[in-house]
There are 2 protein chains.
Amino acid sequence: MSAKKTSLKDIAQKAGVSTALVSYVLNGKEKESRVGQEIAAKIKEIAKELHYQPNHLAKSLRSGKTHTIGLIIADISNPFFANIARVVEDEAKKNGYTVIIGSSDENPDKSRDLLNVLINRQVDGFIIVSSEDSAEQVQDLKAKGIPFVLLDRYFPDIQTDFVSTDHYQAAYDAGNHLVSSGYKRIGMIAYKSQLFHMQERIRGYQDALKDNKIPFQKAWLKKVRFSYIESEVRATIDELMAMKPPIDALIFATYGLAINGLKYFNELRLRVPDDLAIVSFGQAEVFDLYYCPITYLKQPIGLLGQTAVGLLVNKIKDHQKGPAQILMKAELIVRASSKTKFPE
Amino acid sequence: MSAKKTSLKDIAQKAGVSTALVSYVLNGKEKESRVGQEIAAKIKEIAKELHYQPNHLAKSLRSGKTHTIGLIIADISNPFFANIARVVEDEAKKNGYTVIIGSSDENPDKSRDLLNVLINRQVDGFIIVSSEDSAEQVQDLKAKGIPFVLLDRYFPDIQTDFVSTDHYQAAYDAGNHLVSSGYKRIGMIAYKSQLFHMQERIRGYQDALKDNKIPFQKAWLKKVRFSYIESEVRATIDELMAMKPPIDALIFATYGLAINGLKYFNELRLRVPDDLAIVSFGQAEVFDLYYCPITYLKQPIGLLGQTAVGLLVNKIKDHQKGPAQILMKAELIVRASSKTKFPE
DNA sequence: AATAGTTGCTTAATCGTTTAAGCAGATTAA
DNA sequence: TTAATCTGCTTAAACGATTAAGCAACTATT
């Protein structure tokens with residue numbers, strides 16, 4: 001059976017000293033606490049011999065720090081977020097933190113729930129990919145003085161730390177690229193959402209058209225609801241292709257939209273890029289494997305995650321510091337799905 | 001700033017009683033502990049008023065239970081495992097447990113590391129998707145008396161609880177299906193691995209051929225190393241197609257292998273299923289989106305995860321109970337990639 | 001009236017750490 | 001010589017909960 005865990009007391013007893021001394025030595029405070037060299041060495045040896053592992057619970061209870069980070073992501077089945085999770089976990093570990101991941105599934109109730117559970121578990125701070133209608137939750141965290149960093153999505157009206165892609169610029173680049181590749185009637189399918197990053201993607205797309213002297217047509221921009229993604233993506237594609245003339249290029253504002261759209265293209269036997277050029281946000285194996293590889297916006301996942309952890313750890317360690325707000329550039333990876341159009 | 005958390009003491013003070021009484025009331029032990037009705041009501045009210053939330057650390061330190069489960073998966077970037085993680089998380093929450101996820105990335109060192117970190121964090125038990133060379137770690141857990149359940153992969157030589165797909169049967173079904181669809185020269189690309197589930201997949205494939213009176217050819221079975229997956233998948237496909245005659249159908253033993261294989265097919269301009277029929281393990285959007293939807297083995301992810309959590313929670317709660325060993329059936333989802341072969 | 005039993009509460013130990021404070025004895029300074 | 005300082009250790013409180021044990025003050029029993 002499990003040989004009972006060794007505690008400070010066990011070591012203290014075996015060494016014939018008090019637990020205080022053992023604690024000092026094992027925390028490297030020998031100097032400040034004026035511990036004798038001999039006994040220090042002895043303590044260390046005994047600790048090793050007994051395979052001493054400190055009890056995190058006790059430590060945390062005493063110190064108020066758990067060395068645990070709560071990561072709340074919007075949707076773990078999205079590979080972008082799954083990869084974010086992996087990066088955050090790795091980086092946190094390097095900094096001596098453990099991560100507890102929760103997926104809010106784009107649902108504010110679930111998100112609040114998770115937040116509460118994790119606050120209750122005394123996490124030292126949060127990294128959050130916010131979901132719809134969660135601005136209030138962010139305000140709450142702020143009010144409670146709990147350290148957190150927003151990742152990928154942020155609220156322009158709330159002063160917070162955040163690390164995000166420049167969604168506006170990314171969408172602008174996408175639109176611009178399609179125009180320079182000869183496309184003239186460029187649509188976008190986005191989510192119906194108040195979230196700022198979505199607004200920015202839409203704005204970037206519109207500005208790209210404008211700056212290229214292509215008058216934006218309202219019917220080119222479609223917004224679908226997250227919960228009805230499958231049916232609504234189909235319906236909007238039908239609409240976009242039924243226009244006279246139909247669009248000749250389409251930007252998907254997220255990975256999920258692209259998946260549903262591409263599936264429907266296959267059903268319709270629409271050919272990419274001849275019938276319709278494509279650029280998409282998100283990144284995944286799918287984009288490589290599609291019969292016509294998809295041009296996409298590559299977000300700097302590794303850097304995003306690492307920076308967020310770095311920021312958070314700093315915030316946890318010394319409370320001062322003004323808010324850090326970091327925008328990173330997405331890289332447009334050009335593939336066959338947006339190849340230069342053969343003049344009509 | 002953060003209104004200091006309320007503790008039992010605060011409530012006790014405000015109610016003018018001892019913390020013991022408060023504890024009894026708030027844990028529903030009013031009856032056993034003979035607490036007066038009036039004071040009980042008062043305590044409850046004050047607790048609500050002060051938004052009392054018990055401190056998990058203190059509770060855990062005292063009770064030795066953290067209500068936390070460690071989930072160690074082999075590779076979080078694999079959507080199969082990502083989904084497992086989601087299911088486990090949800091189910092655990094329903095049972096009042098929090099999950100800490102770690103990805104071992106198929107690396108035994110990382111796996112041991114994770115195990116240690118989480119043991120140290122006093123998780124109550126583990127759900128583990130074992131990686132290569134981790135049998136010893138499983139033995140250790142057993143020896144230490146820490147409750148755990150193996151998920152999806154298990155060791156036939158070690159008596160443990162596990163919940164797994166019947167990998168043998170799944171592979172057998174795949175092979176059988178290809179034969180009945182008219183394919184005669186059926187290859188398999190698998191991992192070079194000691195892990196039992198991989199052995200079983202290989203055995204199932206071989207037995208399917210045998211039972212259908214197709215003599216198995218050694219050159220049809222290729223094993224690649226996880227760390228060199230990209231180059232080795234390409235090399236083995238070259239070999240398989242260079243045979244005289246080449247194979248006419250191929251089973252991918254995992255999702256990762258399929259991704260790499262399909263990518264290479266695109267490069268080679270091999271057509272599925274005309275040049276080569278495909279069945280794959282794993283499941284993902286990719287299989288829907290490929291120009292020719294891929295026949296795959298659908299593992300009962302939800303049930304696997306839920307059962308594992310259920311088993312573990314039971315084990316944690318009452319230590320006795322003999323090992324539960326559960327095998328579930330994968331469903332073969334037939335798509336165009338394995339459609340009946342036009343007679344040669 | 002004496003005893004036993006019940007009711008309603010408190011006390012204090014405990015889980016495993018950390019750390020301020022204090023106490024001898026040795027050394028140095030004046 | 002006496003005080004001040006240094007050295008090496010111990011004591012004990014604290015973090016926030018749980019819970020066995022005990023103590024009054026009643027009520028019921030004989």
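We name chains A, B, ... by the order of the sequence lines, and we start the count at 1 in each one.
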Between atom CG in B:L61 and atom P in C:dA13, what is the gap in whole Å? 17 Å
Contacts of A:S63 and A:Q37 projected onto DNA chain D by closest heavy atom; the upstream (5') one is A:Q37
Find out whether A:Y97 and A:T68 are in side-chain contact, i.e. whether some heavy atom of one side chain is under 4.5 Å from a heavy atom of the other. no
Base, sugar-phosphate or nothing for B:L57? Non-hydrogen atoms, less than 4.0 Å. nothing
Would you say D:dG16 has OP1 or OP2 under 4.0 Å from some side-chain N or O of B:K59? no
Given DNA chain C, 5'-ward residue of the pair B:A58 and B:G16, judged by closest heavy atom: B:G16
Within this structure, what is the NZ-to-C1' distance between B:K65 and D:dG16, rounded to whole angstrom? 19 Å
Ionic contact status for B:D75 with A:R86, cut-off 4.0 Å: yes
Check every atom of D:dC9, D:dG16, C:dC9 against the side chain of A:V35 and return the nucleotide holding the closest atom. D:dC9
Check the distance between C:dC9's P and B:E32's CD and give it to me in whole angstrom. 16 Å
Can you check the A:L8 CG to D:dA14 P distance for me, whole Å? 20 Å
Measure NZ/B:K29 against P/C:dC9 and give the value in whole Å, please. 18 Å
Please work out which of the three classes, parallel, tilted or perpendicular, describes the rings of A:Y154 and A:F162, given edges at 30° and 60°. parallel
Starting at atom CD1 of A:I39, determine the distance to atom C1' of D:dT7, rounded to an integer number of angstrom. 14 Å
On DNA chain D, does the nearest nucleotide to B:S23 precede the nearest nucleotide to B:R34 from the 5' side, or the other way round? Give the residue. B:S23
Minimum side-chain heavy-atom gap B:K93-A:D113 below 4.5 Å: yes
Which one, C:dC9, C:dT11, D:dA12, comes nearest to the side chain of A:A20? D:dA12
Please report, rounded to the nearest Å, how far the P atom of C:dG16 is from the CG atom of A:N27. 17 Å
Can you figure out which of D:dA17, D:dT10, C:dT17 approaches the side chain of A:S18 most closely? D:dT10
Below 4.0 angstrom from OP1 or OP2 of C:dT17, is there any side-chain N or O of A:Y24? no
Establish, with yes or no, whether the OP1 or OP2 oxygen of C:dG16 is under 4.0 angstrom from a side-chain nitrogen or oxygen of A:S7. no
Pair A:T66-A:Q122, side-chain donor/acceptor within less than 3.5 Å: no
When the distance from NE2 of B:H56 to C1' of D:dC15 is rounded to whole Å, what number comes out? 16 Å
